There are 2 protein chains.
Amino acid sequence: MRPTVHDIAAKAGVSLATVDRVLNDRPGVRAVTRAKVEAAIAALGYVRDVAAANLAKSRVYPLVFILPEGDNPFMRGLEAEVRRAGLHSAAERTRLSVTTVPAFDGAALVGAIDAAIAGGVAGIAAVAVDAPEVSAAIARVQEAGIPFVTLVSDLAGSGRDHFVGVDNIAAGRTAGSLMGRFLGARPGPVAVLAGSMRVRDHGERLEGFLAAMSAMPQARAVLPVLEGQDDPGRSHALIADCLANVPDLAGIYSLGAGNRGLIEALSAGGRGDLCVIVHELTAETRAALQEGLIDVVLNQDAGHEVRSAIRVLRAKADGLPVNAGQERIRLDIFIKDNLPAGPDEEN
Amino acid sequence: MRPTVHDIAAKAGVSLATVDRVLNDRPGVRAVTRAKVEAAIAALGYVRDVAAANLAKSRVYPLVFILPEGDNPFMRGLEAEVRRAGLHSAAERTRLSVTTVPAFDGAALVGAIDAAIAGGVAGIAAVAVDAPEVSAAIARVQEAGIPFVTLVSDLAGSGRDHFVGVDNIAAGRTAGSLMGRFLGARPGPVAVLAGSMRVRDHGERLEGFLAAMSAMPQARAVLPVLEGQDDPGRSHALIADCLANVPDLAGIYSLGAGNRGLIEALSAGGRGDLCVIVHELTAETRAALQEGLIDVVLNQDAGHEVRSAIRVLRAKADGLPVNAGQERIRLDIFIKDNLPAGPDEEN
DNA sequence: CTGTTAGCGCATTCAG
DNA sequence: CTGAATGCGCTAACAG
């Protein structure tokens with residue numbers, strides 16, 4: 001059996017309470033006593049039984065996810081994953097809730113953050129909007145001693161505890177590199193469809209894409225970025241226009257969430273020869289990939305992200321370290337040939 | 001607070017012991033009583049606190065991983081991941097051990113399996129060799145009521161409880177598809193380097209690769225498979241030969257673990273124009289990818305696989321269901337642009 | 001067949 | 001500053 005608090009109490013010649021005090025380093029222990037206990041801990045190779053500790057604390061962790069509202073399928077997928085995780089959350093002493101706010105709206109996000117602080121949550125995960133008032137709100141969260149993680153879109157330098165999401169610069173670079181290799185020597189410019197430059201993930205993807213494209217052996221023009229606000233209608237119009245006006249268009253990189261509009265324009269346009277790379281695997285992009293309308297889908301697994309955010313928030317709340325390796329969110333590259341089974345991703 | 005066994009005992013008008021009996025459905029409860037208790041459980045929406053249950057049981061789960069021995073870097077990586085998981089295993093009441101056996105050797109594997117049964121383990125994870133005596137051994141494991149999962153290479157139809165690893169047919173298909181697209185119109189045959197057809201993963205990858213290659217718009221010859229037994233020396237010799245004898249070679253698909261030999265032959269050969277696709281991200285393949293000697297690395301994350309195997313084995317041992325979505329091992333596609341950070345994968 | 005009781009390993013009162 | 005006692009939610013003897 002591995003050593004328990006009793007063993008170390010016996011070995012150090014003190015009581016359980018004292019052991020507990022040095023374990024959780026709480027005040028009220030003389031330095032000598034503390035040293036004795038620490039020696040015993042080291043000697044026995046004690047490791048705390050987290051499950052038992054949580055049981056004794058009978059503490060619950062109310063965590064809140066703040067997500068953009070609207071019909072963005074990826075965000076709705078994230079929300080679904082939070083609810084799914086909520087089913088199992090009972091076992092982990094975690095209470096999950098979701099708040100939605102208008103997309104790309106810093107003020108609304110700030111309101112939700114302040115409400116969460118007031119509500120006394122144990123941790124917050126939010127899709128960050130790049131605005132100074134948001135950074136200020138995050139500072140208030142820190143001051144309240146509440147862990148905060150950014151989700152999907154980061155806000156480095158804001159003081160957030162952790163970022164849960166892919167490396168978006170690398171994602172853009174990957175898109176650019178695949179685009180270049182798939183097109184090979186074929187001539188023609190490529191178009192880029194984004195949502196808004198007010199979220200950092202879109203900006204970072206663009207940056208990586210441009211860098212990779214310009215590093216390709218054969219030079220290729222990249223047309224000015226089209227901003228569709230992640231709205232299907234606007235995206236459709238922008239792409240339809242582009243297809244009509246640029247007859248020698250060779251490829252499209254869609255780095256935001258306007259994919260429904262893009263796909264509609266593509267199937268109407270009848271240009272099966274384009275190389276199309278998009279982000280996020282949804283029912284729509286999956287179907288388009290299978291049909292050959294899309295060549296590559298770059299994806300971040302919403303389920304992994306939600307579970308990772310929960311683990312990190314809990315670890316921070318308990319003052320525990322996070323396992324960086326386990327919490328790294330990978331960029332999935334899907335082509336028609338390695339598409340995972342179910343249409344609902346998981347079951 | 002969520003309901004506890006006390007609540008349901010009170011509501012059903014029985015004692016804790018009786019509640020526990022129906023919860024773990026043990027004998028010794030009249031049908032009527034059982035029904036009353038079940039009604040209370042349903043009414044209160046009770047969910048058992050697994051942590052508390054395990055604490056009370058103070059049961060430990062000795063799990064054994066049976067891996068091929070030798071200097072196969074991927075297998076050594078797996079072993080390292082098991083040891084790493086072992087550090088945290090204390091907290092999860094799990095005791096991990098590793099047994100190594102000669103590669104591609106069915107009899108040795110059978111010996112290790114029978115030893116594990118005799119040793120009274122709570123679960124077994126093994127890299128399967130495709131041989132009838134192995135299936136027979138797995139049947140004995142089942143009979144002993146011990147959960148068994150195949151790792152990396154499956155043995156469907158053997159009665160194993162679960163397979164932890166990637167879909168190898170899809171992996172081969174992905175390799176073929178990328179090979180075709182990257183080569184485009186460039187002429188020349190491609191070579192395939194394998195370890196041995198006695199493990200099913202190699203066979204499946206080949207199958208998928210050939211299917212994808214033959215589905216490409218432009219036909220391309222695939223040379224007869226080179227079997228290097230996952231040995232660096234033999235692999236080196238085979239590839240060096242091939243490079244010398246096939247001057248118009250366009251690409252190489254290495255679906256086994258002979259990558260060190262392959263890489264040596266490639267850097268000696270000075271043929272920077274080949275499209276090279278290999279499996280498993282190791283220090284060697286990572287360096288070769290960065291240098292441009294290799295174009296694509298298909299990978300299965302050893303850390304994920306080990307953690308998944310542990311979760312599944314524990315769930316089976318407790319008679320709990322497994323979350324198929326969470327346990328699906330994804331095929332990672334790495335190109336130079338989306339290579340994750342550290343050289344040691346995690347930290 | 002059913003109930004009582006005593007822990008599992010730890011945190012937390014409340015006394016001393 | 002330190003210790004003894006109680007309970008978290010559940011399981012497992014042991015009685016009845």
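Chain A is the first sequence line, chain B the second, and so forth, proteins listed ahead of strands; every chain is numbered from 1. Given the structure is predicted, the values throughout are model-derived calculations rather than measurements. Quick note: numbers below take in every heavy atom, side chains included, and nothing from hydrogens, waters or symmetry partners.
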Which residues pass the side-chain hydrogen bond (donor to acceptor under 3.5 Å, both in side chains) test with A:Arg140, sequence neighbours left out?
-> A:Asp114
Would the distance check show the side chain of [X] and the main-chain N or O of [Y] forming a donor-acceptor pair, the cut-off being under 3.5 Å?
X	Y	value
B:Asn299	B:Asp332	no
B:Asp154	B:Phe163	no
A:Asp161	A:Phe148	yes
A:Asn24	A:Asp20	yes
A:Arg2	A:Val47	yes
A:Gln142	A:Gly159	yes

Hey, can you pull the residues of residues 31-44 of chain B with a non-hydrogen atom under 4.0 angstrom from DNA chain D?
-> none
When the nearest nucleotide of DNA chain C is assigned to A:Ala52 and to B:Val29 on a heavy-atom basis, which residue is associated with the more 5' position?
-> B:Val29
Using the closest heavy atom to pick a nucleotide of DNA chain C for each, name whichever of B:Leu55 or A:Asn24 lands nearer the 5' end.
-> B:Leu55
If you walk 5' to 3' along DNA chain C, what is the first nucleotide with an atom under 4.0 Å of a heavy atom in chain A, and what is the last?
-> C:dG9 to C:dT12
What does [X] touch in the nucleic acid at a heavy-atom separation under 4.0 angstrom: a base, only the sugar-phosphate, or nothing?
X	value
B:Val14	sugar-phosphate
A:Ala53	sugar-phosphate
B:Asn54	nothing

A:Leu78 versus A:Leu151: any side-chain heavy-atom pair under 4.5 Å?
-> yes
Locate the shortest heavy-atom distance separating [X] from [Y]; write the atom from each residue and the value.
X	Y	value
A:Ser158	A:Ser135	CB-OG, 3.8 Å
A:Met75	A:Leu67	O-CD1, 4.2 Å
B:Pro62	B:Val60	CD-O, 3.4 Å

Just the endpoints, please: which first and last nucleotides of DNA chain D, 5' to 3', lie under 4.0 Å from a heavy atom of chain A?
-> D:dC1 to D:dG9
Can a cation-pi geometry be assigned to B:Arg314 and B:Tyr61, taking NZ or CZ under 6.0 Å from the six-membered ring centre and within 45° of the ring axis?
-> yes
So which pairs with a foot in residues 60-69 of chain B pass salt bridge (charged side-chain N to carboxylate O under 4.0 Å, His left out), sequence neighbours left out?
-> none
Mapping B:Lys57 and A:Ala17 to their closest nucleotides on DNA chain D, which lands nearer the 5' end?
-> A:Ala17
Axis-to-axis angle across the helix from C:dC1-D:dG16 to C:dG16-D:dC1, five pairs an end, to 10 degrees?
-> 40°
